[in-house]
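Here the structure comes first, spelled out in structure tokens, and everything after it is commentary.
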There are 2 protein chains.
Amino acid sequence: MWDDKQMPAKPSTGQPGGDGAAPGSQTLLRGLAILEAVAGGARDLAGLSAVLGTTRSTTHRLAAALVEQRYLTFAPREGYALGPKLLELGFRAQQASPVTRVARPHLERLSAACGDTIHLGVLEEDWALYLDKLPGRRRIEISSRVGERQPVWSTGLGKALILDLDEARWRGFHRLGPARGAHSPDLATWLERMRTYARQGITYDREENEPEVRCVAAPIRDAGGAIVAAFSVSSTVQYMDEVRMEDLTGTVREVARAISRDLGWPG
Amino acid sequence: MWDDKQMPAKPSTGQPGGDGAAPGSQTLLRGLAILEAVAGGARDLAGLSAVLGTTRSTTHRLAAALVEQRYLTFAPREGYALGPKLLELGFRAQQASPVTRVARPHLERLSAACGDTIHLGVLEEDWALYLDKLPGRRRIEISSRVGERQPVWSTGLGKALILDLDEARWRGFHRLGPARGAHSPDLATWLERMRTYARQGITYDREENEPEVRCVAAPIRDAGGAIVAAFSVSSTVQYMDEVRMEDLTGTVREVARAISRDLGWPG
DNA sequence: GGATCTTGTTTTTCTATGTGGGACGATAAG
DNA sequence: CTTATCGTCCCACATAGAAAAACAAGATCC
């Protein structure tokens with residue numbers, strides 16, 4: 001399930017049930033749905049039509065338009081695939097945030113040094129939005145996607161993003177979190193940890209968001225000292241025992257400082 | 001058939017004159033045009049409407065749909081910007097090609113070592129398509145974009161991509177090239193150079209594609225020995241005199257071999 | 001401080017637009 | 001050869017979406 005939207009918004013077979021939520025531009029939305037279906041693995045018209053709930057002819061026309069505009073590619077025996085225009089726009093979107101560009105070289109050095117998966121993210125609405133990802137060199141890879149949103153309160157990266165907020169806001173974020181069970185701490189425990197994190201300027205995630213995944217994260221500040229982004233170093237628990245997390249802390253803090261300084265932070 | 005020349009698709013003020021060339025899905029195309037307009041710098045409805053040739057209300061509906069689907073973002077005082085969904089799809093499109101993923105670390109090392117702009121590309125139809133770009137650390141940056149297409153015959157990267165083809169095909173590619181004037185070599189000279197390049201397994205671009213820009217490029221081969229991609233190291237002429245190009249040649253060839261080997265090339 | 005631009009948002013009317021059924025020609029499978 | 005399955009093309013009809021205009025909310029001017 002690549003599509004975990006909270007709104008059902010399931011475009012079924014044109015049923016005018018009056019469920020609302022269908023704003024205005026059907027054709028455009030269907031076209032975009034095709035893009036996502038292809039990203040999700042659909043490769044032929046049949047698959048796409050099934051996802052969209054449209055007939056082959058309709059699907060074909062939309063897909064053909066997308067191919068013509070280079071948003072998709074089509075190869076006779078291979079089917080549809082994401083096209084070069086998405087490469088371009090994605091790259092542009094990434095470059096649009098100065099943080100990504102500035103942070104990249106620093107994160108690359110960090111990646112080379114530690115071999116773990118590194119994420120860069122910002123706060124968008126009430127979510128942590130991943131802007132960049134540097135895959136690790138471990139056997140097991142963290143399955144996350146650039147452009148994806150993760151809950152703020154449970155991820156190391158998310159917690160780093162809200163490190164400067166007051167306790168009332170913190171409570172707000174904790175309330176947003178769906179009870180993941182298992183490793184999810186209750187409010188009191190979580191707040192206590194957040195206070196510690198804020199004092200240290202570093203956050204941890206000890207399998208709170210995803211079992212077996214741990215990470216160390218730190219906020220990135222701009223010239224005004226405000227937190228504009230954060231990055232995290234993630235690995236599975238076997239590579240991330242308490243000792244290693246301690247060890248990483250210093251490096252992570254240092255890299256965060258270096259990036260922030262490049263953004264004009266007096267430090 | 002599906003891939004004809006780029007239609008400018010300039011939909012002027014609703015002219016139903018029937019000039020033909022009207023593909024099919026207007027709404028979708030307009031939506032995509034909005035994405036590109038935003039990528040091109042348009043930030044408000046007025047600007048977008050001007051580019052599309054539609055009224056504000058129409059533009060707004062499309063833009064709102066794109067925002068809702070996270071293809072665009074909108075901030076009250078900032079205007080529209082490319083959204084996280086494009087990050088995600090762009091990243092996916094990039095990952096779809098195994099070459100990009102395999103080549104990345106190698107190219108990063110190369111980038112760190114030489115400081116010049118590095119491009120990775122493949123052959124798409126009759127063009128060199130840029131899959132990845134690692135910006136250089138020079139004062140002047142090469143203005144190229146991931147997802148963009150460049151002529152094959154004049155770029156170092158393009159020439160590396162067709163290094164294995166026979167001379168008849170080479171002629172075909174040379175014929176495609178628009179007479180850029182100035183540094184453009186005639187067919188005989190160009191073929192002669194290509195023969196040399198093919199013998200050396202390395203190609204050069206001495207300001208043939210873009211004045212002041214030079215580069216050294218090499219092909220990347222897969223397990224079967226076929227050229228599946230190529231990369232180039234580019235810089236302005238002041239950083240790329242003959243001596244430097246000679247020096248780079250060895251390194252570039254080595255990196256190309258390393259990447260090819262990672263792809264299963266026996267080498 | 002109120003008048004007046006200039007933004008983005010919403011509503012309504014009407015027709016151009018896009019839909020889906022079905023036909024066609026490949027190519028692969030039985 | 002026949003049959004199933006692709007992508008592609010065509011066309012009549014109804015519906016989706018374009019545009020005009022009203023609305024709301026800041027910003028800007030005087």
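Please read all numbers here as calculations on a predicted model, not as lab measurements. Lettering of chains follows the sequences in order, A, B, ..., and the numbering in each one begins at 1. All values below come from the heavy atoms of this structure, side chains included, with hydrogens, waters and symmetry mates left out.
- A search for side chain to side chain donor-acceptor pair (under 3.5 Å) contacts involving Q26(B) returns nothing, not counting sequence neighbours.
- Atom CZ in R30(B) sits roughly 18 Å away from atom P in dA16(D) (whole-Å rounding).
- In this structure, CG of L29(B) is placed 19 Å from P of dA16(C), rounded to the nearest angstrom.
- The interatomic distance linking I34(A) (CD1) with dG18(C) (P) rounds to 14 Å, in whole Å.
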Heavy-atom contacts, protein to nucleotides 21-30 of chain C, under 4.0 Å, summarised as B (base), S (sugar-phosphate only) or - (none) per nt, yield BBB-------
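- Here D164(B) pairs with R221(B) under the side chain to side chain donor-acceptor pair (under 3.5 Å) rule; sequence neighbours left out.
- Side-chain atoms of T203(A) come within 3.5 Å of backbone atoms of G156(A) as a donor-acceptor pair (strictly under, hydrogens ignored).
- Side chain of R61(A), nearest nucleotide from dT9(C), dT8(D), dT19(C): dT19(C).
- One finds the CD atom of E68(A) at 10.5 Å from the CG atom of L32(B) (value rounded to the nearest 0.5 Å).
- Partners of T59(B) by side chain to side chain donor-acceptor pair (under 3.5 Å), not counting sequence neighbours, listed by chain and number: S49(B), T54(B).
- For R145(B), the side chain to side chain contact (heavy atoms under 4.5 Å, CB included) partners at least two apart in sequence or on another chain are E88(A), R92(A), E148(B).
- Nearest nucleotide to the T27(A) side chain, out of dT19(C), dG8(C), dA18(D): dT19(C).
- Here dT9(C) presents its P atom at 13 Å from CG of L62(B), a figure rounded to the nearest Å.
- The ring pair (Phe, Tyr, Trp, His ring centres under 6.0 Å) contacts involving residues 55-86 of chain B comprise F74(B)-Y80(B), where partners must be two or more places apart or lie in separate chains.
- Remark: D132(B) pairs with Q94(B), R104(B) by the side chain to side chain donor-acceptor pair (under 3.5 Å) rule, at least two apart or across chains.
- The CG atom of L48(B) sits 12 Å away from the C1' atom of dG8(C) (whole-angstrom rounding).
- Where A46(B) and Q26(B) each meet DNA chain C at their nearest nucleotide, the meeting point lying more 5' is that of A46(B).
- dA21(D) atom P lies 18 Å from atom CG of L45(B), rounded to whole Å.
- Nucleotide dG8(C) holds its P atom 13 Å from the CG atom of L72(B), rounded to whole Å.
- Rounded to 10°, the helix from dG1(C)-dC30(D) to dG30(C)-dC1(D) has 40° between the axis fitted to its first five pairs and the one fitted to its last five.
- Residue D44(B) places its side chain closer to dT7(C) than to any other of dG18(C), dG7(D), dT7(C).
- Checked against side chain to side chain contact (heavy atoms under 4.5 Å, CB included), W170(B) has the following partners two or more places apart in sequence or in another chain: I162(B), L165(B), E167(B), W190(B), L191(B), M194(B), R195(B), A198(B).
- Heavy-atom nearest nucleotides on DNA chain D were determined for L28(A) and for H60(A), and the one closer to the 5' end corresponds to H60(A).
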